[in-house]
There are 2 protein chains.
Amino acid sequence: MTGSSPDSSASDGLDPQQLDAYFALMEAVGLLEHQVEQHLRADGGISYVQFQLLARLAGANGQLTMTQLADGVVYSRSGLTYQAGLLEKAGLITRGTSADDERSTVVTITDAGLALFGQVLPGHVQVVRRLLLAPLSADDLRNLGDIMTRVRDHMRNEPPRSAAPRKRRVNPAG
Amino acid sequence: MTGSSPDSSASDGLDPQQLDAYFALMEAVGLLEHQVEQHLRADGGISYVQFQLLARLAGANGQLTMTQLADGVVYSRSGLTYQAGLLEKAGLITRGTSADDERSTVVTITDAGLALFGQVLPGHVQVVRRLLLAPLSADDLRNLGDIMTRVRDHMRNEPPRSAAPRKRRVNPAG
DNA sequence: CTATTTTGCTTCGACTTCGAAGCAAAGTAC
DNA sequence: GTACTTTGCTTCGAAGTCGAAGCAAAATAG
């Protein structure tokens, strides 16, 4: 199991630089998400997921189908149904059957939804500025955007790792 | 409230470059987490959280208190208790009261825990390589590590935003 | 030494999330 | 047209997650 060569391209481990980047990335984003969540809950009574849904709707002329909403939000379909239910109950969106396709549900943001989004957005931006953008130079920002865009596109274009890879174990902890 | 100047340092919005970086960052990490989760579940029957806990223990001479475990993992205390319970039930860790401080719980990774961690790690590394590292040049990696380390440290050193900022609304959706 | 506060962890209930299963409309094959 | 598959969404049950409340040990105050 323990590799022997110290070079980083071997199949065994990650070199310190790779580890640093990976860990820092995951932890920083985790922290950021947590802070963002706190702000949105305190200032608008909504979760990050709900904010993202409202943002997508606000940016898309106010209307999207569930499937369109699902794309771009990393999220399960059933979770989306659940959140849409909450948002509808809160009067922030409306759901209706599509005319083109009886299966599709068209989600529409309401005036209240737009208002809430508008109310919360400035604070959200401030949080992002304060926590993420503040310590970055112009070069950093350019690099970060470039890098993460590339990574995201790369991941989106990945083949789904084939059907059933294999399952060696069944539930040691869970 | 709506700003007028198109420059990016205004208090109102984020310029396209900032938005790109922010969105790409959040989405890429979300996708990565999801893939990592899939792999760990399929190959070792554990969640990412559980993997992180085992990793921390494995890297810390096998022993840590609950509080030490909590630091570094972005996670609630009660969630940690729950996961520790699962890991203990699965025989991957052991919990005992500290000798120094009767309140503290010392968590120890078992041989089975180490074995499982060792079994899962190579695949985990491959996933990270394939999805995150593959599209990055040496410069990218250096930049990413540098940037995210700075962001993480910045966030860790932030004052906790004072006690109770304010609560404008109470639960529009939720 | 006793009272108070802090610290470390767990328990509890409410909510969120996920994947599997289900259902009906739309598309495809024949 | 009828059978089959695919697509779009929801329902359901099993976990996982969180914050508040609770409890006991330790630190601090007096």
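Convention: sequence-line order gives letters A, B, ...; per-chain numbering from 1.
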- Mind calculating the distance between CG (A/D100) and C1' (C/dG27) to the nearest angstrom? 15 Å

- Query: Are the ring centres of B/Y48 and B/H34 closer than 6.0 Å?
  - Reply: no

- Nearest-angstrom distance from the residue atom OH of B/Y48 to C1' of D/dT17: 17 Å

- Which nucleotide sits closest to the side chain of B/S76: D/dC18, D/dT10, C/dC9? D/dC18

- Task: Give the minimum heavy-atom separation between B/R56 and B/L64, together with the two atoms involved.
- Result: O-CD1, 3.9 Å

- With a non-hydrogen cut-off below 4.0 angstrom, is B/S98 in contact with a base, only sugar-phosphate, or nothing? nothing

- Item | Pair B/F51 and B/H39, ring centroids less than 6.0 Å apart | no

- Message: In whole Å, I'd like the distance from the CG atom of A/L80 to the C1' atom of C/dT17.
- Response: 12 Å

- Query: Which nucleotide, D/dC9, D/dG16, D/dA26, lies nearest any side-chain atom of B/R41?
  - Reply: D/dG16

- Task: Report the distance from atom CZ of A/R95 to atom P of D/dG8, rounded to the nearest whole Å.
- Result: 17 Å

- Within the pair A/Y75 and C/dT17, is there a side-chain N or O less than 4.0 Å away from OP1 or OP2? yes

- Query: B/E33 has an atom CD; how far is it from atom P of D/dG16, in whole Å?
  - Reply: 16 Å

- Query: Salt bridge or not for B/D139 and B/R142, using N-O below 4.0 Å?
  - Reply: yes

- Toward the 5' end of DNA chain C, which comes first, A/G79 or A/A99, by nearest nucleotide? A/G79

- Measure from the side chain of B/Y82, starting at C-beta and using heavy atoms only, and say which of D/dA26, D/dT11, D/dG16 lies closest. D/dG16

- Message: I need the CD1-P distance between A/I46 and C/dC15, as an integer number of Å.
- Response: 17 Å

- Item | Shortest side-chain distance from B/E102, nucleotide among C/dT16, D/dA26, D/dC9 | D/dA26

- Query: Is the distance from OP1 or OP2 of D/dA27 to the nearest side-chain N or O of B/R103 less than 4.0 Å?
  - Reply: no

- Task: Check every atom of C/dT11, D/dG8, D/dT10 against the side chain of A/M66 and return the nucleotide holding the closest atom.
- Result: D/dT10

- Whole-Å distance, A/D71 CG to D/dT7 C1', equals 13 Å

- Short side-chain N/O contact to D/dT17 OP1/OP2 from B/Q83, under 4.0 Å: yes

- Message: Does B/T105 reach a base, just sugar-phosphate, or nothing at all? Heavy atoms under 4.0 Å.
- Response: sugar-phosphate

- May I ask you to say what A/Q38 touches in the nucleic acid, namely base, sugar-phosphate or nothing, with a heavy-atom cut-off under 4.0 Å? sugar-phosphate

- Query: Of the nucleotides C/dA20, D/dT17, C/dC9, which one has an atom closest to the side chain of A/S78?
  - Reply: C/dA20

- Message: Less than 3.5 Å apart, any donor N or O on the side chain of A/D140 or A/S137 sitting next to an acceptor on the other?
- Response: yes

- Query: Would you say A/R77 reaches D/dT11's phosphate, i.e. side-chain N/O to OP1/OP2 under 4.0 Å?
  - Reply: no

- Message: Grouping I, L, V, M, F, W and Y whenever their side-chain heavy atoms are under 4.5 Å apart, do A/V106 and A/L54 come out in a common cluster?
- Response: no

- Has the side chain of A/S104 got a donor or acceptor that lies under 3.5 Å from a partner of the other kind on the base of D/dG8? no

- Message: Whole angstroms only, please: what is the CG-C1' distance between A/L64 and D/dC9?
- Response: 15 Å

